[in-house]
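Only one structure is covered here, and it is reproduced in the block below.
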Amino acid sequence: MTNGAVPPAQRSCRRASGCGEARHTESQPTTSDETVVAGGTVVLKCQVEDPDDSSLQWSNPAQQTLYFGEKRALRDNRIQLQRSTPNELTISITDVVLADEGEYTCSIFTMPVRTAKALVTVLGIPQKPQIFGHEQPIDEEKMARLTCRSSGSKPAAQLRWKKGNKELKAEGTEDHESLQNSERSTTQKLQVHYKPTAKIEPHPLYPREGEKLQLQCDGQGNPVPQEFLWEKEGSDAPLQLSSDSILIFPFLNKSDSGTYVCTATSSMGSVVAKYNLDVSDLPQLPTPHVHSTPAPPPGPSQPISHASSMATASSFTPAPAQDASPVPSTSSTYHAVIGGVVAVIVFLLLSLLIVLGHYLIRHKGTYLTHEAKGSDDAPDADTAIINAEGGQAGGDDKKEYFI
């Protein structure tokens with residue numbers, strides 16, 4: 001060391017080619033960029049291979065020193081020291097907010113000072129979206145505009161629209177990396193008013209003469225029809241006009257046959273339904289036909305009229321059923337014939353008994369005879385005959401009376 005001698009290590013470095021570049025690489029700190037969701041925790045790590053007896057330091061985007069080695073420089077309880085060695089300085093920041101985003105600097109104070117940057121990205125969690133627009137019902141064929149908004153998202157969230165499970169153009173659903181495979185959504189029910197429809201249903205399905213019949217006008221729509229007008233084709237006066245959709249026939253007869261019309265009315269318009277009622281004593285079932293036709297809206301100075309051409313909503317022809325016929329069956333006819341024959345036979349027997357009784361009454365009488373005296377005391381038949389002949393001399397005294 002005397003006489004200006006150079007230490008061996010220094011002589012070796014001076015002789016080696018690129019020695020300064022090698023030591024510069026070994027003393028360069030390294031960091032990594034981090035991404036954190038707002039409210040989470042981010043860890044910043046700074047490492048160096050050759051600290052060259054210098055300490056590492058972390059600074060925030062405002063160039064405020066956070067830690068110098070193991071010494072805290074900024075009073076922020078969210079910032080904590082995780083690890084401090086000559087080769088590493090690691091800190092953590094909890095409860096991250098959007099203001100914590102930016103470039104953090106790790107420095108090593110050598111000659112010259114070397115630094116490394118770490119970009120911290122803070123993701124803002126989007127709030128639950130809200131839908132603004134039509135909260136009141138809207139009529140069909142009109143345009144409705146709905147707006148979906150969400151706040152607090154960083155970067156901006158992608159909004160997608162759905163109707164039920166079917167995705168539309170682009171119900172308030174957000175895609176955002178901070179949601180971690182989950183989603184935030186909101187829904188709003190959109191009510192649409194549309195024109196009513198109607199059909200007539202009979203109860204029972206196959207009406208017969210003498211039975212009770214109810215015709216129900218089943219009106220559907222939004223809003224539901226509240227007024228029902230019952231008419232019979234060919235009749236001038238309406239049968240019924242009320243909020244009751246049921247027309248009642250207490251006792252069916254043939255004069256009730258005809259076509260019945262129900263006009264169901266709501267705030268969106270009117271609709272006409274028809275039912276053909278056939279009350280007959282023939283062994284066949286009535287064939288109901290149900291028609292549903294939208295009624296034209298009334299003009300300013302004319303009443304509601306039915307369209308002459310009507311679209312059939314539904315029609316059906318029931319299969320014939322033996323038990324629904326209003327006439328007796330074949331077995332009932334046989335029973336009636338047998339009963340009639342038995343009645344005739346009984347009548348004839350009674351008539352014969354009456355005639356026979358009358359005959360017997362008219363021919364009923366008493367017979368008195370005076371036989372020969374002494375015949376009862378005769379010992380045998382010959383003696384009785386002789387005694388009888390002898391006694392016939394006084395034949396004037398023997399007489400026969402017939403009454």
Side-chain angles (χ1 to χ4, degrees), residues 195-221 224-266 269-296 298 302-341 343:
K195 295 180 180 180
T197 60
K199 62 179 180 180
I200 300 178
E201 296 181 353
H203 301 282
L205 187 60
Y206 305 116
R208 294 184 298 181
E209 185 177 7
E211 294 184 342
K212 178 181 178 180
L213 173 65
Q214 291 185 355
L215 296 181
Q216 181 174 4
C217 188
D218 186 12
Q220 302 292 332
V224 177
Q226 298 295 326
E227 184 179 87
F228 299 89
L229 173 64
W230 284 97
E231 298 174 296
K232 182 179 181 181
E233 287 188 351
S235 177
D236 297 333
L239 302 178
Q240 178 177 300
L241 175 60
S242 67
S243 59
D244 191 0
S245 62
I246 298 178
L247 182 64
I248 300 178
F249 297 84
F251 190 85
L252 277 179
N253 53 58
K254 295 180 182 180
S255 62
D256 293 325
S257 299
T259 301
Y260 290 84
V261 180
C262 171
T263 304
T265 303
S266 71
S270 300
V271 64
V272 171
K274 291 189 176 184
Y275 176 80
N276 184 28
L277 176 62
D278 184 12
V279 181
S280 176
D281 56 357
L282 297 177
Q284 60 183 3
L285 295 177
T287 304
H289 297 282
V290 181
H291 306 278
S292 179
T293 305
Q302 62 181 9
I304 298 177
S305 61
H306 307 315
S308 58
S309 60
M310 290 169 282
T312 301
S314 61
S315 63
F316 59 93
T317 302
Q322 294 181 358
D323 57 346
S325 175
V327 299
S329 60
T330 305
S331 60
S332 300
T333 304
Y334 290 156
H335 292 163
V337 171
I338 294 175
V341 172

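These values consider heavy atoms only, across backbone and side chains, with no hydrogens, waters or symmetry-generated copies. Just so we're clear, the structure is a prediction, and the values are computed from it rather than from any experiment.
- When all heavy atoms of Ala198 and Ala273 are compared, the pair lying nearest together is O-CB, 3.8 Å.
- In terms of heavy atoms, Glu209 sits closest to Asn253 at CG-CA, 4.1 Å.
- Interatomic distance, OG of Ser243 versus CD of Gln226, reported as 7.5 Å (0.5 Å rounding).
- With hydrogens and angles disregarded, a donor-acceptor distance shorter than 3.5 Å links the side chain of Ser257 to the backbone of Val279.
- When all heavy atoms of Val271 and Thr197 are compared, the pair lying nearest together is CG1-C, 3.8 Å.
- Between Arg208 and Leu252 the shortest side-chain heavy-atom distance does not fall below 4.5 Å.
- If you take CD1 on Ile246 and CD on Glu201, they are separated by 10.5 Å, rounding to the nearest 0.5 Å.
- We find the OG1-CD distance between Thr265 and Glu227 to be 5.0 Å, quoted to the nearest 0.5 Å.
- The heavy-atom pair separating Leu247 from Gln240 by the smallest distance is CD1-OE1, 3.9 Å.
- Separating the CG atom in Leu241 from the CH2 atom in Trp230 is a distance of 12.5 Å, to the nearest 0.5 Å.
- Note that CD1 of Ile200 and OH of Tyr260 are 11.0 Å apart. Values are rounded to the nearest 0.5 Å.
- We find the OG1-NZ distance between Thr263 and Lys274 to be 9.5 Å, quoted to the nearest 0.5 Å.
- Closest of all the heavy-atom pairs between Leu213 and Pro202 is CD1-CB, 4.2 Å.
- Nearest approach of Pro204 to Glu211, heavy atoms of both residues: CG-OE1, 4.0 Å.
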